[in-house]
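Could you have a look at this structure, given as structure tokens, before my questions?
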Protein chains: 2
Amino acid sequence: MRILVQKFGGTSVDGHECMLKVREKVLGGLDNGYKVIVVLSAMHGVTNSLLETAHSWTEQPDRAELDVLVATGEQQSVALFTMLLKEIGIKARSCLGYQLPIRTDPTYGSARILDIDQNAIFDLLKRYDVLVVAGFQGCDCTRRITTLGRGGSDTSAVALAAAVNASVCEIYTDVDGVYTTDPNICSKARKIDTIDYEEMLEMASMGAKVLQIRSVEFAKKYNVPIHVRSTFSNEPGTIVTQEENSMEAALVSGIAYDKDQARITLVGVKDEPGVSARIFEPIAAANIVVDMIVQNPSKDNRTDLTFTVPRGSVRDTLAIIDRIKDEIGAQDIFHDDNVCKISVIGVGMRTHAGIASIAFATLKKENINILMISTSEIKISCLVKEKYTELAIRSLHEAFGLDKEKSPACEQSLA
Amino acid sequence: MRILVQKFGGTSVDGHECMLKVREKVLGGLDNGYKVIVVLSAMHGVTNSLLETAHSWTEQPDRAELDVLVATGEQQSVALFTMLLKEIGIKARSCLGYQLPIRTDPTYGSARILDIDQNAIFDLLKRYDVLVVAGFQGCDCTRRITTLGRGGSDTSAVALAAAVNASVCEIYTDVDGVYTTDPNICSKARKIDTIDYEEMLEMASMGAKVLQIRSVEFAKKYNVPIHVRSTFSNEPGTIVTQEENSMEAALVSGIAYDKDQARITLVGVKDEPGVSARIFEPIAAANIVVDMIVQNPSKDNRTDLTFTVPRGSVRDTLAIIDRIKDEIGAQDIFHDDNVCKISVIGVGMRTHAGIASIAFATLKKENINILMISTSEIKISCLVKEKYTELAIRSLHEAFGLDKEKSPACEQSLA
């Protein structure tokens, strides 16, 4: 049994006309000899509208009941879409999270999938050609409804693809694939044909919001190939997969950016064991995600500590710092909202040196000052003044030859 | 464990303000020492709007998927209402049909309840003080969602009350009880304190649309007392129960009417065995409900046959008659839409003669011609010209003393 998983997001199921396009995609899968598992999100705007109602009725809606409420969005999508399939004689049925079941932990609102009953799905696929599954939802061990958190339908789709060992998990969306960078900023941005899971993770977490991060982690873990493509065209999109031979991989796959960054500097804090923990523990406890951290070399047993947090968390972070500033001996506290993180991403970095120096040289040539640097095996991130965002992206995009199919400029530089 | 079941219809859960009133009712139940099972309908208009969407998308929506779709209405109600309970610290949770479970047959759209897991509910009631149950829905043996048909939430409530042997099943609505007749027609209509199941069945089927007929049948079968009352007041409403001592019962409990009637007369059909079957079988096969039937005495082996059908079915009925008119030898066919059925209802009729003659005399006194008569143990129905509807109701209401607490006028007449 060859199985294809197809996932359609909110803008792809937004009304009758859109759903007819979705039906075409499903028919295409059937024509190619697949059994099809279709995973649907709620129609555009439905989830938000339900959340708004709940929050206007009660200040802190019960998490478990919120899941019962928002799960209705996907339930409506799958019911309506299955009607459209049955209308033309296709053997199909809708499946809600508890019906398959997709079992999760009981973390309402951001549950994690524990397991999916593979045999139950195979049994259903013997009787039906298409299963229309409500994305984003599962059930805990007491059969209460859980949801997987924003974008959770991607994770549903990948988890189902992993469970049934599907040939591919197609994620349909309103863009036609993953780009080397934001096409709105860089007109030379190019659609990427193939990208490695880890690169995709970095791209996704950097704000290239095509796929939910957790779904990519899931796909990586179970080695499920993802095909990100457009509901509104027949062109192939971007395949997210395991890069088999990283020697032949592009050195750099893309340039991502994240404007939701603010920099906080603590001047002259005591340089003694435990000070960092004293600072970052209460920040973590307040659920504030610290991204980059740089500690300057110590001088007179004092050091400057700079880190970044999401812009919306600046006020809360400063309040926490204020409470501990005497204890840690901070002499001064600065913060700056007008910064942006630019990241150069590529699995090729693992086997090639010199990517960082090209990035730094490129920014220097444009007179862009680098405020902070952090690196990983496959990523170099530089914090710059926000006003340089577009310039930095365009010049890095060109420097690494991302506007061309291969990247000769880059390989030349390294030769 | 003393258990109270409270059911609230669509107009009672129509928005935040309404639901706060519902919460007051639930708190009242808790204050009186009950564990409370709250059964909710979808918010006013939600079910219709979902049905409209489905029917605008596809001509004949799949029945099973339609149930998946409309069940979201109740799901949203219970989630939102449970949030309001938890907000003030009440131990509550929502329960969907499949979670209890309420098991039904797989007749999507009009499923019948097979059984309810009593022990599962008792287990839940040990952990929660209030269970908020989605009305109108259940699940079949394959765990697919079913719905019980229009007004099914009443049936859900009564079935739950029967399953847990609840003290009473309160049905909250936007009227304050069952009336002796339609107060819009007869200003002297009086709220009935207690009414027998069978009387209520006749009242309900006659168009006093306070309770779904099936819920009353269910209540009668399991002897569940129903208290029909208003969400928007604290006054007691009408208790629907088994009349213990019908000798003391009111002779007549109410006057119902049904304008959705049309009369069809077949003149001079052959009076031979099998003719009636030949006429009424194809009508029944077309799902047309025939109500009253009168056959005149035969003359020259021919007879006139008159019967009533709902007005919307007149055209279809006439088309059927047309196909068989030669075979049955009908010499002429008349039909009349401008009729109304007036019914005098009371379990007291079982033990008292003379009710019918008072009814006939009353109509005669007002010069209202009776077109057809049909009677049961507890009901006398007369078909009259529609224009006499109001006059007939008011005069019968007065003749049977329904405007007074007891009915001395009537007993006098019978003395």
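Protein chains get the first letters and strands the later ones, always in sequence-line order, with residue 1 at the start of each.
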Taking every non-hydrogen atom, the tightest pair across B:Q99 and A:R143: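 In terms of heavy atoms, the two residues are closest at NE2-O, 3.0 Å.
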Chain A-proximal positions within residues 46-71 of chain B [heavy-atom distance under 4.5 Å]: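 Listed by number, the contacting residues are B:L50, B:T53, B:A54, B:S56, B:W57, B:T58, B:E59, B:P61, B:D62, B:E65, B:L66, B:V68, B:L69, B:A71.
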Within 6.0 angstrom of A:R23 CZ, more than 12 heavy atoms from elsewhere: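 Counting neighbours around CZ of A:R23, more than 12 heavy atoms of other residues, nucleotides or ligands fall under 6.0 Å, so yes.
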Heavy-atom contacts under 4.5 Å, residues 91-98 of chain B to chain A: B:R93, B:S94, B:L96, B:Y98
Pairs satisfying side-chain hydrogen bond (donor to acceptor under 3.5 Å, both in side chains), at least one member in residues 73-83 of chain A, at least two apart: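 Listed once each, the pairs are A:Q76-B:T72.
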Those residues that, when tested against A:F81, pass ring pair (Phe, Tyr, Trp, His ring centres under 6.0 Å) (two or more places apart):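 Ring pair (Phe, Tyr, Trp, His ring centres under 6.0 Å) list for A:F81, sorted by chain: empty.
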